[in-house]
**Q** 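Before I ask anything, here is the structure I am working with.
All values reported here derive from a predicted model rather than from experimental measurement. First the proteins, then the strands, lettered A, B, ... as listed; each starts at 1.
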Number of protein chains: 2
Amino acid sequence: MSEPLENGSNYTANKYRTPDGAPADIVIFTITSKERNAAKKSLPQRELQVLLIQRKLWPFEGQWALPGGFCKESETMYDCAKRELAEETGVADVHMEYFNVYSEPGRDPRGWMISHTFFALVNESLLLNRRAADDAADVRLFTVEKALKMDLAFDHELVIKDALNRIQHKMLTTTIAREFLPQEFTISELYQVIQTVMPGFEERNFVRKITSTQSRKGIIEEVRDLHGDLKMSNRYSQRAAQLYRFNDYVPQLSIYS
Amino acid sequence: MSEPLENGSNYTANKYRTPDGAPADIVIFTITSKERNAAKKSLPQRELQVLLIQRKLWPFEGQWALPGGFCKESETMYDCAKRELAEETGVADVHMEYFNVYSEPGRDPRGWMISHTFFALVNESLLLNRRAADDAADVRLFTVEKALKMDLAFDHELVIKDALNRIQHKMLTTTIAREFLPQEFTISELYQVIQTVMPGFEERNFVRKITSTQSRKGIIEEVRDLHGDLKMSNRYSQRAAQLYRFNDYVPQLSIYS
DNA sequence: CTAATAGTGTCTCTCAGACAGTATCCT
DNA sequence: AGGATACTGTCTGAGAGACACTATTAG
């Protein structure tokens, strides 16, 4: 490793140019549910949304951007993102993952800023009582589609695209769908969540595969009540549907087996 | 986003504490082949190795560490890692991927250093003519197993563990095995590479699955010579084995289908 | 001939994929 | 009654998993 400056055990101030800041930016995804007006009880319309703040100050004043903020010397990047998430939305204990670094020279007019990006998956219910933080003029949810058409601050359009790709991939290969769902959910809800994130997804025998094939039935399990009877829900349908919950088990995928 | 300092469009020097550097560190993996001494031609013994440098200067003087170096304002992190990889090993155009950030306070005695880590997968043949760079006392390959038992500089033990986990996962879900193989290879070679990275891997009907199942046969294809005849190799066996090459196709994995 | 690797045959049970059909029950 | 969702039956062909077996050829 080539150090900026070395003098034996007397390491003095760095005489090289150092970054002007290490921000963390967070792509907060949520899935909103809206009732369709059908004649009977029906499945809600779901949309993948991303939370943006409107900047109050230079640079990119007035434009929409990802929430985020600068890392302090006393915290890790993850802690920083967690803190910023809490400050911007009031939510804690949600699934948040680091996914990339953005270091293109000139990406931030304020100087040499290397941005660390996270995505968070938040249940809609947790984002109800959000408010604009001090440094933001406004906070709002946008559908991902709409957000990508806006003129966002910094390189945040690219960041959102990358985050979307990442969660789309993880949606099919891990059980992150759970982050958008209540603890107990129906197969239709799960199916809808997957389709919302991954619009092309279609699996005709979905119910059967996930509940009865040898290799997958460890993913979810039926919920039973105190008497050991199967627990059902008729929230979205006349005929009550079986409730399921996720297990800890995550199947190992392989292209070679 | 909460800025360190804002004053309208006159943004002045940052009065907050800023990082003392943004290094990139690279976990360079390679698979070495060693002939076994058997009575007949036989498959080589393969080992997963990682390239380390011995530090010449404070801090961690004399200890082994990952190659790496500080990012410049004019380059991206990826460019930085590519540059350092070339400086340390003389190799270019290899598979290199960003995989994590390490920002634990106090991880570097020189100050507040946020390290960005990459892994590179390099064919053994490319690492032959390496030499110690200016700031390193020595450069050497170690088996991953051995490297993890050494007292490495910084948090590099953790970094290597994380990188290993990442490539183990990618070995089974993507076609990165190609990075360790020549363009044309036999099924046994491919199988060995997978096993070297993923010691638990076992697949009895490997040949059959990868060559003749509908869903997978796009991954590799048989190599033919100019006359259209199948191209074989008897490098590791008496009976010549079919040569294959990777296609661009990568199967889409899913836990739901 | 023999060691070492390469590759095939065969059998059973499960799964994928498609689609039609039945079940439930609120409005 | 009928609309909306929930779930089951059934059929075909492909694949998973196991293991024994044949093929090839340098040394």
Side-chain angles (χ1 to χ4, degrees), chain A residues 33 35-46 172 184-193 195 201-220 222-223 229-244 251-257, chain B residues 33 35-46 172 184-193 195 200-220 222-223 230-244 251-257:
Chain A
S33 299
E35 271 188 35
R36 283 187 299 152
N37 45 355
K40 310 273 167 145
K41 265 190 195 177
S42 62
L43 291 166
Q45 185 163 0
R46 298 182 193 256
L172 294 186
E184 302 179 353
F185 54 87
T186 66
I187 299 291
S188 295
E189 284 184 283
L190 171 57
Y191 191 71
Q192 274 205 310
V193 163
Q195 279 199 322
F201 184 77
E202 187 185 318
E203 198 59 53
R204 306 235 170 154
N205 286 340
F206 187 70
V207 186
R208 193 174 253 133
K209 277 196 188 174
I210 203 168
T211 56
S212 57
T213 64
Q214 202 75 36
S215 56
R216 289 185 191 79
K217 72 177 155 200
I219 301 176
I220 59 172
E222 297 152 344
V223 181
D229 298 328
L230 293 170
K231 201 167 160 193
M232 318 288 275
S233 156
N234 66 343
R235 195 147 68 107
Y236 300 123
S237 60
Q238 278 68 45
R239 176 170 174 179
Q242 177 61 49
L243 286 171
Y244 290 85
Q252 294 310 304
L253 295 171
S254 166
I255 63 172
Y256 298 116
S257 57
Chain B
S33 299
E35 271 187 35
R36 284 185 301 154
N37 46 356
K40 311 273 169 141
K41 267 189 193 175
S42 62
L43 291 166
Q45 186 162 0
R46 298 183 193 255
L172 294 186
E184 302 178 355
F185 54 89
T186 67
I187 298 292
S188 295
E189 285 184 282
L190 172 57
Y191 191 71
Q192 274 204 312
V193 164
Q195 279 199 321
F201 184 77
E202 187 185 317
E203 199 58 55
R204 307 233 171 157
N205 287 339
F206 187 69
V207 187
R208 194 174 251 133
K209 277 196 188 175
I210 203 168
T211 56
S212 56
T213 64
Q214 201 76 34
S215 57
R216 288 185 191 79
K217 73 177 153 200
I219 302 175
I220 59 173
E222 297 153 342
V223 181
L230 293 170
K231 204 168 160 192
M232 318 288 276
S233 157
N234 66 341
R235 196 148 70 107
Y236 300 122
S237 60
Q238 279 67 44
R239 175 171 174 180
Q242 177 61 49
L243 285 171
Y244 291 85
Q252 294 310 304
L253 295 171
S254 166
I255 62 173
Y256 298 117
S257 57

**Q** Within the distance-only criterion (no hydrogens, no angle test), does the side chain of A:Q45 pair as donor or acceptor with the backbone N or O of A:S33 below 3.5 angstrom?
**A** no

**Q** Once you round it to whole Å, what is the distance between P of C:dA16 and CD1 of A:I210?
**A** 12 Å

**Q** Closest approach to the side chain of A:N205, judged atom by atom: which nucleotide of C:dA4, D:dC19, C:dG17 is it?
**A** C:dG17

**Q** Out of C:dA6, D:dC7, D:dA18, which nucleotide sits closest to the side chain of B:L43?
**A**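 Between C:dA6, D:dC7, D:dA18, the one nearest the side chain of B:L43 would be C:dA6.
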
**Q** Atom CD1 of A:I187 and atom P of D:dT5: how far apart are they, to the nearest Å?
**A** 16 Å

**Q** Nearest nucleotide by nearest heavy atom, which residue falls closer to the 5' end of DNA chain C, B:R36 or B:R208?
**A**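 It is B:R36, whose closest nucleotide lies nearer the 5' terminus.
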
**Q** Select base, sugar-phosphate, or nothing to describe what A:E203 touches, counting heavy atoms under 4.0 Å on all strands.
**A**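 The answer is sugar-phosphate, as A:E203 gets under 4.0 Å only of primed atoms, P, OP1 or OP2.
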
**Q** Check for me whether the distance between the ring centres of B:Y191 and A:Y256 falls short of 6.0 Å.
**A**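 Not close enough - the centres of the two rings lie 6.0 Å or further apart.
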
**Q** Got a sec, which residues hit ring-ring contact (aromatic ring centres under 6.0 Å, His included) with A:Y244, two or more places apart in sequence or on another chain?
**A** none

**Q** Can you confirm whether more than 12 heavy atoms, excluding those of B:E35, are under 6.0 Å from its CD atom?
**A**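 Atom CD in B:E35 is not packed in, count stays at 12 or less.
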
**Q** Tell me whether B:Q195 contacts the main-chain N or O of B:R46 through its side chain, where contact means a donor paired with an acceptor under 3.5 Å.
**A** no

**Q** Which whole-number value in Å describes the distance from A:R204 CZ to C:dG17 P?
**A**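 Result: 11 Å.
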
**Q** If I take atom CD in residue A:Q45 and atom P in nucleotide D:dT5, what distance separates them, rounded to the nearest angstrom?
**A**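 After rounding, the gap between these two atoms is 12 Å.
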
**Q** Can you check whether A:S188 has a side-chain N or O nearer than 4.0 Å to OP1 or OP2 of D:dA6?
**A** yes

**Q** When the distance from CZ of B:F206 to P of D:dG17 is rounded to whole Å, what number comes out?
**A**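 Atom-to-atom, B:F206 to D:dG17, this comes out as 14 Å.
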
**Q** Please enumerate all protein N or O atoms sitting under 3.5 Å from an N or O of nucleotides 24-26 of chain D, with distances to 0.1 Å.
**A**
unit_1 : atom_1 : unit_2 : atom_2 : d
D:dA26 : N3     : B:K40  : NZ     : 3.3

**Q** Once you round it to whole Å, what is the distance between P of D:dT5 and CD of A:E189?
**A** 13 Å

**Q** Please tell me which of A:K209 and B:M232 maps to the more 5' nucleotide of DNA chain C, matching each residue to the nucleotide holding its nearest heavy atom.
**A**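 It is B:M232 whose nearest nucleotide is closer to the 5' end.
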
**Q** Atom CD of B:Q192 to atom P of C:dA4: distance rounded to whole Å?
**A**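 Result: 15 Å.
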
**Q** Does A:E184 have more than 12 heavy atoms from other residues, nucleotides or ligands lying within 6.0 Å of its CD?
**A** yes

**Q** Provide, to the nearest angstrom, the distance between the CD atom belonging to A:Q242 and the P atom belonging to C:dC25.
**A** 14 Å

**Q** Would you say A:R36's side chain and A:L43's backbone share a donor-acceptor pair under 3.5 angstrom?
**A**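 Confirmed, A:R36 side chain pairs with A:L43 backbone.
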
